[in-house]
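Okay, structure first, notes after.
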Amino acid sequence: MSYDYLLHIALILISTKIFGLITQKFQMPQVVGALLAGLVLGPAFGINWLAPSDMLTKLAELGVIIIMFSAGMGTSVQDLRKSGKPGFFIALCGVLVPLFMGALLAFFFNRGDLAHPGSPILQNFFIGVILTATSVSITVETLREIGKLQTKVGNAILAAAIIDDVLGLIALTIITSLAGADVNVWIVLLKILLFFVFIAVVWILFKPAFNWYAARRQSKNLHRYPIIAFVLCLLMAYLAEEIFGVADIIGAFAAGLIIASTSKGEYIANKFQPMQYLFLTPIFFANIGLQVEIPEMTWQIILFAVLLVLIAVLSKLIGCGFGAKCCGFTNREALQTGFGMACRGEVALIVANKGMAMGLLPNALFGPVIIMVVCCAVFTPVLLKLVFKPAHGEDVYSSLEESALTDRLEGHEQLEILSDQILTANKEMQKKQ
């Protein structure tokens with residue numbers, strides 16, 4: 001048995017921390033540093049200190065599941081419900097605009113002469129399908145880092161990202177079915193509908209059962225609650241992917257929402273933070289960088305790669321920004337929403353690999369897709385931090401008032417805790433007497 005995996009994990013953890021501190025010095029989110037660590041130490045730069053492996057891939061997948069599970073636990077269901085309609089319209093525009101802009105770009109570079117079987121029209125639309133995917137995990141981590149996850153824009157992005165994945169799955173299903181794959185569109189749509197029914201049923205059954213159990217056990221053996229929550233997360237992620245054909249991260253996010261609605265939601269969320277930040281999250285972001293192997297490309301392909309990156313960002317900015325603006329968002333909030341939805345990641349790479357296997361993505365265009373994914377993953381956190389900066393001349397008193405309100409709330413919570421402790425002590429003294 002080889003123990004090299006221990007060295008690889010150690011290298012990932014220390015390198016992501018070092019690169020994270022460096023990027024933080026340049027006012028960039030630390031997730032950018034984790035991505036760069038994977039790029040520099042992996043095959044992309046030729047150093048090859050680290051290489052993709054099945055173990056790292058599985059740990060990275062577990063990492064993104066935990067990220068989305070924690071995002072669900074940190075999301076207000078009421079705020080998310082309010083963002084439902086705007087989220088749907090933002091997601092719809094954020095799928096249609098990239099789909100057609102990506103297909104139009106591919107049309108100028110791929111007219112059936114890239115030595116691949118299949119219809120060039122379907123190949124071009126498949127490029128658009130790749131651009132519809134949003135890697136919300138990087139956006140979630142960035143918004144959490146800058147303290148903007150539980151905001152109007154943060155909730156809209158989360159709601160839109162969930163719907164975005166479903167709409168992107170529908171688009172992928174339609175394209176693959178037209179390409180002659182053994183896929184029934186109506187069965188897939190039925191599975192998606194049944195998945196959301198399944199979430200509702202689990203919510204209705206699990207929440208009261210969990211609260212009843214927690215009330216009976218009171219404060220005994222609190223460590224069992226995070227275990228129960230983790231089991232629910234893994235089961236829902238598995239069932240989403242294997243049974244309903246929906247992305248596992250959607251199942252994990254739904255599990256987080258369910259746990260957040262229980263009486264122990266806040267306690268469980270705090271227990272997951274060490275595992276998330278100290279181990280799984282760095283591996284997930286570094287693994288994205290490790291997956292990058294840029295092949296040799298002609299100047300036409302390089303030009304296509306540059307334009308693909310621009311279209312990837314602009315299409316989400318235009319589509320999601322327009323959708324947000326139509327839903328009553330301010331210009332700045334629409335800009336924040338557009339950039340928040342611009343990130344691509346592992347979903348786009350998985351879709352691209354599937355397209356290559358089916359003849360829907362020419363081999364020559366796979367390199368630009370990789371470049372697009374990496375650039376979007378690096379640019380999005382930087383752009384988000386810029387657009388969330390306070391505007392010049394913004395009212396300072398509102399910030400001071402918000403800070404004072406936070407201090408009062410924290411003081412109130414401390415008083416409540418102290419009051420509970422005094423009441424408990426009095427009860428114990430009465431029992432002894």
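Computed from heavy atoms alone, side chains included, the values below leave out hydrogens, waters and symmetry copies.
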With rounding to the nearest 0.5 Å, note down the distance linking SG in C376 to CD1 in I371. 11.5 Å
Decide yes or no for E333 and T330: does some side-chain heavy atom of the first lie under 4.5 Å from some side-chain heavy atom of the second? yes
Single hit among I67, L234, I283 for side-chain contact (heavy atoms from CB on, under 4.5 Å) with L62: L234
Can you name the closest pair of heavy atoms from M372 and V309 and give their distance? CA-CG2, 3.7 Å
d(L239 CG, I199 CD1) to nearest 0.5 Å is 11.0 Å
Using the rule given for side chain to side chain contact (heavy atoms under 4.5 Å, CB included), can you reason through L232 versus F210, listing the C-alpha separation, both sets of side-chain angles and the distance that settles it, and then say yes or no? CA-CA 11 Å; L232 178 69; F210 183 92; over 6 Å; no
Looking at Y225, I'd like to know if the NZ or CZ of K271 sits under 6.0 Å from its six-membered ring centre while staying within 45 degrees of the ring's axis. no
If you define the side chain from C-beta out and look only at heavy atoms, does anything of F339 sit under 4.5 Å from L386? no
Hits for ring pair (Phe, Tyr, Trp, His ring centres under 6.0 Å) against F198, two or more places apart or cross-chain, chain-then-number order -> F244
Note, L303 side chain near F109 side chain (heavy atom, < 4.5 Å): yes
So how far is it from L149 CG to I157 CD1, rounded to the nearest 0.5 Å? 9.0 Å
Quick check against the 3.5 Å criterion: does Q336 have a side-chain atom that pairs as donor or acceptor with the backbone of V387? yes
May I ask you to test the L278-M275 pair for a side-chain heavy-atom distance under 4.5 Å? no
All heavy atoms of A312 vs all of L131, minimum pair found to be CB-CD2, 3.9 Å
Minimum heavy-atom distance I12-L56, with the two atoms named: CD1-CD2, 3.7 Å
Considering residues, nucleotides and ligands other than F379, do more than 12 of their heavy atoms fall under 6.0 Å from its CZ? no
Criterion side chain to side chain contact (heavy atoms under 4.5 Å, CB included) on F206 and I259, from CA distance to verdict: CA-CA 9 Å; F206 181 86; I259 293 298; 3.7 Å; yes
Compare all side-chain heavy atoms of W49 with those of V40 and state whether any distance is below 4.5 angstrom. no
Closest non-hydrogen atom pair, I90 against G323: CG1-C, 3.8 Å
Ignoring hydrogens and geometry, is there a side-chain-to-backbone donor-acceptor pair from K25 to G20 under 3.5 Å? no
Any idea which heavy atoms bring F279 and L13 closest together, and the distance? O-CD2, 4.0 Å
Using 0.5 Å steps for rounding, measure from the CG atom of L39 to the CZ atom of F19. 9.5 Å
Enclosure of Y277 OH (heavy-atom neighbours >12, cutoff 6.0 Å): yes
In Å, rounded to the nearest 0.5 Å, how long is the span from CG of L7 to CG of L50? 8.0 Å
Rounded to the nearest 0.5 Å, what separates atom OH in Y267 from atom NE2 in H223? 8.5 Å
Smallest heavy-atom separation, F125 atom then L99 atom, equals O-CD1, 3.7 Å
How about W203 and K207: do any of their side-chain heavy atoms sit closer than 4.5 Å? yes
Check whether K316 reaches the backbone of C343 with its side chain - one donor and one acceptor, N or O, closer than 3.5 Å. no
Can you find a pair of side-chain heavy atoms, one from T139 and one from M341, that are under 4.5 Å apart? no
Using modelled atom types only, decide if a donor and an acceptor are shared between the side chain of T16 and the backbone of P282 within a distance under 3.5 Å. no
Would you sort out whether I9 and L59 count as a side chain to side chain contact (heavy atoms under 4.5 Å, CB included), showing the intermediate values? CA-CA 10 Å; I9 292 175; L59 284 177; 4.2 Å; yes
Hey, mind stepping through F69 and F272 against ring-ring contact (aromatic ring centres under 6.0 Å, His included) and telling me if it holds? CA-CA 9 Å; F69 180 56; F272 271 84; 5.1 Å; yes
Flag if over 12 foreign heavy atoms under 6.0 Å of CD1, I318: yes
Applying side chain to side chain contact (heavy atoms under 4.5 Å, CB included) to L361 and Q123, what does each step give before you reach the verdict? CA-CA 6 Å; L361 180 66; Q123 291 179 358; over 6 Å; no
H8 versus S53: any side-chain heavy-atom pair under 4.5 Å? no
